[in-house]
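Some notes on the structure that comes next.
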Amino acid sequence: MPVENLRGTFHMRTSRRRALYAPLTIAAVVLGATAVPAQADDLKLTFTGTSNSAVQIPTKPAQPGQFGQNLFVEIGRVGAGTAHDVKVVFDTTDLTGVADLTVPGCSTAGKTISCDEHELNFDRINLLYHPWLSAVQGAAPGSHGILHLKLTASNAQSASMDVRVDVGGPDFKAKPLGDQNNVKPGTVLTPSVEFANVGDLPASKVVVAVDAISGIEFKQRPSNCEFASEPDGSWGDKNWPGDTVAICTVDATVAPGQVVTLDPLQLGITNSAWYTFADVTVYPTEDAQFSQIPDWRRRLTFQRGTGPALGAKPASDPGLITAPRKSYDNQVEQNVLATNTADFSALGAWAPNGDKQGTLSVGFRNSGPASIFYRSGDAVVTVQAEIPSGVTVTKVPDGCRPKTWENGKQVAHPNKYLCESPVFVASGLEKVFQFGLSIDAGTTRPTVPVTLQDQDSLYNVNSTIAKLSFEPDPSHESVSVPLGTQPSGSIPSSTPSSGTSQSSTPSTRPTSAPPIAQPTATPSAPGQTPSATASAAPVPTANATASPSARALSGDLAHTGSDGTLLIAGTGAAAIALGGVLFTVARRRKTATHR
């Protein structure tokens with residue numbers, strides 16, 4: 001496979017992580033984590049995160065499947081240097097009569113299990129074992145115990161944490177929502193989430209978490225819901241769309257075996273929507289394990305709604321009760337593909353510096369109206385600059401690389417350079433990459449072709465530019481830049497210095513798609529409230545031209561903190577990779593097509 005076909009789809013998004021193998025129902029209550037002084041004053045060990053502070057396990061004793069675990073432990077260190085002789089110790093004394101703990105590969109002595117981690121020099125990483133908690137025979141629903149954890153090293157301050165283990169409880173399972181395709185911007189979707197309590201204790205309330213990414217807005221804000229927003233690019237790498245989140249508390253008792261349906265949500269599809277989605281998760285409490293709500297509470301400022309309260313009503317659905325369980329089936333997703341377009345343009349400019357040197361600026365602009373999101377992890381577009389013979393590249397900007405494969409063959413002396421867009425390109429976004437060039441003596445003034453590419457066109461001998469399903473005018477996807485003695489091109493001379501990129505989003509986005517086609521308007525799909533009658537733009541097709549080789553799992557590897565690496569010293573690379581993929585995957589970066 002060409003190197004350019006490999007995509008770095010593993011992004012660290014700790015607050016939106018989900019464990020792949022976890023208990024059927026989980027609840028979290030912080031009991032406390034404390035640091036205990038040891039030998040070193042400048043290096044401290046930590047149990048990171050709050051998702052492991054409590055675990056709810058089924059009443060019936062259960063054995064783990066392959067790589068199964070229902071206790072997820074993250075450890076780390078604060079300070080510079082490496083912690084040596086690291087051990088994680090589990091004390092199960094206070095789980096007697098409640099639950100049994102097994103940790104494969106670790107030593108057991110009475111009520112204590114010890115795991116050697118050897119050396120640790122990362123701020124945050126998953127414990128690469130497979131801890132499994134199982135209720136003991138005869139444990140009553142609602143019983144609980146405490147698991148004590150201690151993290152030690154020979155040259156660092158130790159840390160401790162208590163985990164509450166609850167047996168049984170309410171357990172929500174939701175019915176999936178159907179995808180919504182061919183949705184016109186301005187439409188209001190009205191999904192009603194149905195769920196059942198398949199646990200062995202009643203829930204005294206229902207907590208609903210809604211995470212709607214860019215392209216979806218709440219058209220009604222119930223008074224029993226709180227709302228907060230984050231702008232596009234809030235996650236640091238600027239590769240992820242912004243979102244609006246809601247936390248709703250519904251005062252409704254849900255008995256074991258009971259099915260209920262939430263009142264319809266009012267989700268508006270904005271003018272910038274193309275592919276977008278909203279996650280809806282139901283919990284018995286806000287602090288259920290793997291709930292994103294505690295993280296939202298820490299980071300965001302919420303404002304209560306003023307509309308009619310969100311409620312729930314009884315429903316009848318025996319099939320939902322008896323259907324096989326799936327991981328995280330308390331969450332459903334409303335996927336939306338809008339009838340919208342985005343006009344992408346290739347950018348190129350030349351700024352000479354003397355007779356034989358200068359700066360070549362290449363890039364792209366999304367003139368909207370749609371913001372484009374490739375959830376699969378591929379770049380939306382790749383800018384390709386073809387450097388002619390007689391020209392030497394003296395500086396390659398960050399985010400760009402030589403194209404080392406062409407038509408299935410490795411290129412010994414590549415003359416094409418590729419610069420990728422993010423996986424999310426907002427309407428109005430412009431990004432510029434600046435190359436340093438030197439023109440050889442005696443070379444006739446050449447021209448640099450700059451084109452926009454996608455996965456298909458980059459590696460298909462019959463393609464020269466991208467065939468973007470959302471693009472209304474492909475003629476904008478190429479530009480030629482003369483390397484003359486005078487400046488040339490379409491990018492203002494005020495672009496940043498060489499090696500940097502520029503991005504800007506206008507305060508007001510375009511409000512309508514260009515009138516490219518006028519198909520007959522189709523009726524709204526079930527669950528939609530039609531907007532005012534309007535002519536539809538061409539329908540974007542999901543993954544019309546994407547390369548199958550780019551379909552990699554999108555998710556977290558073991559989270560590592562600021563140093564951005566993955567290894568615990570003394571642990572094999574294969575175990576790291578396997579453990580990272582199995583322990584945590586990004587719920588919102590699941591394997592997906594270019595939608």
Side-chain angles (χ1 to χ4, degrees), residues 2-9 11 233 236-240 344-354 356-366 372 374 377-406 411 413-426 428-440 446-455 457-458 465-466 476-484 487-505 564:
V3 173
E4 288 84 5
N5 260 13
L6 299 177
R7 292 291 171 261
T9 59
H11 298 279
D237 61 3
K238 298 185 178 179
N239 281 358
W240 197 260
F344 274 61
S345 301
L347 305 175
W350 168 246
N353 180 17
K356 296 295 183 181
Q357 294 184 344
T359 298
L360 172 69
S361 299
V362 301
F364 67 89
R365 179 186 297 117
N366 177 11
I372 304 301
Y374 275 7
D378 289 339
V380 175
V381 293
T382 298
V383 181
Q384 177 176 279
E386 185 173 353
I387 308 301
S389 60
V391 178
T392 301
V393 176
T394 60
K395 181 177 179 59
V396 179
D398 292 341
C400 301
R401 67 186 187 280
K403 185 179 182 181
T404 56
W405 287 80
E406 188 83 50
V411 179
H413 304 287
N415 69 326
K416 296 177 181 178
Y417 286 80
L418 306 178
C419 308
E420 289 189 342
S421 77
V423 301
F424 175 73
V425 178
L429 179 74
E430 176 181 296
K431 193 170 183 66
V432 177
F433 306 88
Q434 295 185 324
F435 289 84
L437 300 184
S438 175
I439 303 174
D440 299 345
T447 297
V448 176
V450 179
T451 55
L452 299 187
Q453 306 285 335
D454 61 7
Q455 289 296 298
S457 63
L458 278 174
I465 63 172
H476 297 164
E477 293 180 16
S478 62
V479 64
S480 294
V481 184
L483 305 183
S488 64
S490 60
I491 303 175
S493 59
S494 59
T495 51
S497 59
S498 179
T500 63
S501 63
Q502 169 182 303
S503 62
S504 60
T505 303

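Small disclaimer: the values here were computed from a predicted structure and weren't measured.
- Nearest heavy atom pair, residue Ala346 against residue Val450, reads CB-O, 4.1 Å.
- Of all non-hydrogen atoms in Tyr374 and Ala379, the two that sit nearest each other are CD2-O, 3.5 Å.
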Take Val362 and Val432 through the side-chain contact (heavy atoms from CB on, under 4.5 Å) test and state the conclusion after the steps.
-> CA-CA 6 Å; Val362 301; Val432 177; over 6 Å; no

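- How far CG of Leu429 is from CZ of Arg365: 10.5 Å, rounded to the nearest 0.5 Å.
- In terms of heavy-atom proximity, Glu477 sits nearest to Phe344 at CG-O, 4.1 Å.
- The nearest pair of heavy atoms linking Gly348 to Val479 is N-CG1, 3.9 Å.
- Residues Val396 and Tyr417 form a side-chain contact, since some pair of their non-hydrogen atoms from C-beta on lies under 4.5 Å apart.
- In this structure the side chain of Val448 never reaches within 4.5 angstrom of the side chain of Glu386, judged on heavy atoms.
- Using a 4.0 Å cut-off between a side-chain N of Lys or Arg and a carboxylate O of Asp or Glu, Arg401 and Glu420 qualify as a salt bridge.
- Gln453 and Ala466 make their closest contact through C-CB, 3.6 Å (heavy atoms, listed as atom of the first residue, atom of the second, distance).
- Judged by distance alone, with hydrogens and angles left aside, the side-chain atoms of Ser488 form a donor-acceptor pair with the main-chain N or O of Pro482 at under 3.5 Å.
- In this structure, Thr394 and Ser438 have side chains that are in contact, with non-hydrogen atoms separated by less than 4.5 Å.
- Residue Ser345 holds its OG atom at 7.5 Å from CG of Leu452, rounded to the nearest 0.5 Å.
- The backbone N or O of Pro388 sits nowhere less than 3.5 Å from a side-chain atom of Asn415 that would complete a donor-acceptor pair.
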Stepwise side-chain contact (heavy atoms from CB on, under 4.5 Å) check, Val391 with Leu483 = CA-CA 10 Å; Val391 178; Leu483 305 183; 4.1 Å; yes

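- One finds the CD atom of Glu430 at 9.0 Å from the CZ atom of Phe364 (value rounded to the nearest 0.5 Å).
- Between Leu437 and Val393 there is a side-chain heavy-atom pair separated by less than 4.5 Å.
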Determine, stepwise, if the pair Ser421 / Val380 fulfils side-chain contact (heavy atoms from CB on, under 4.5 Å).
-> CA-CA 6 Å; Ser421 77; Val380 175; 3.5 Å; yes

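- Inter-residue side-chain proximity for Asp454 and Asp378 is flagged as unmet; no heavy-atom pair is nearer than 4.5 Å.
- Considering only heavy atoms from C-beta on, Phe435 comes within 4.5 Å of Pro397 through its side chain.
- The structure places NZ of Lys416 at 7.5 Å from OG1 of Thr451, a figure rounded to the nearest 0.5 Å.
- Across every non-hydrogen atom of Gly363 and Phe433, the tightest pair is CA-CD1, 4.5 Å.
- Expressed to the nearest 0.5 Å, how far NE2 of His476 lies from CG of Leu347 amounts to 11.5 Å.
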Would Gln434 and Ser361 count as a side-chain hydrogen bond (donor to acceptor under 3.5 Å, both in side chains) if you check the C-alpha gap in whole Å, the side-chain angles of each, and the deciding distance to 0.1 Å?
-> CA-CA 4 Å; Gln434 295 185 324; Ser361 299; 3.2 Å; yes

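- Contact annotation: the side chain of Val481 never approaches that of Thr447 to less than 4.5 Å [non-hydrogen atoms, C-beta and beyond].
- In this structure, NZ on Lys403 lies 6.0 Å from CG on Leu418, to the nearest 0.5 angstrom.
- Remark: side-chain polar atoms of Trp350 are not paired, donor with acceptor, to backbone N or O of Gly358 under 3.5 angstrom.
- Thr382 places no side-chain N or O within donor-acceptor distance of the main-chain N or O of Cys419, the cut-off being under 3.5 Å.
- Residues Phe424 and Ile372 have side chains not in contact (no heavy-atom distance under 4.5 Å, counting atoms from C-beta outward).
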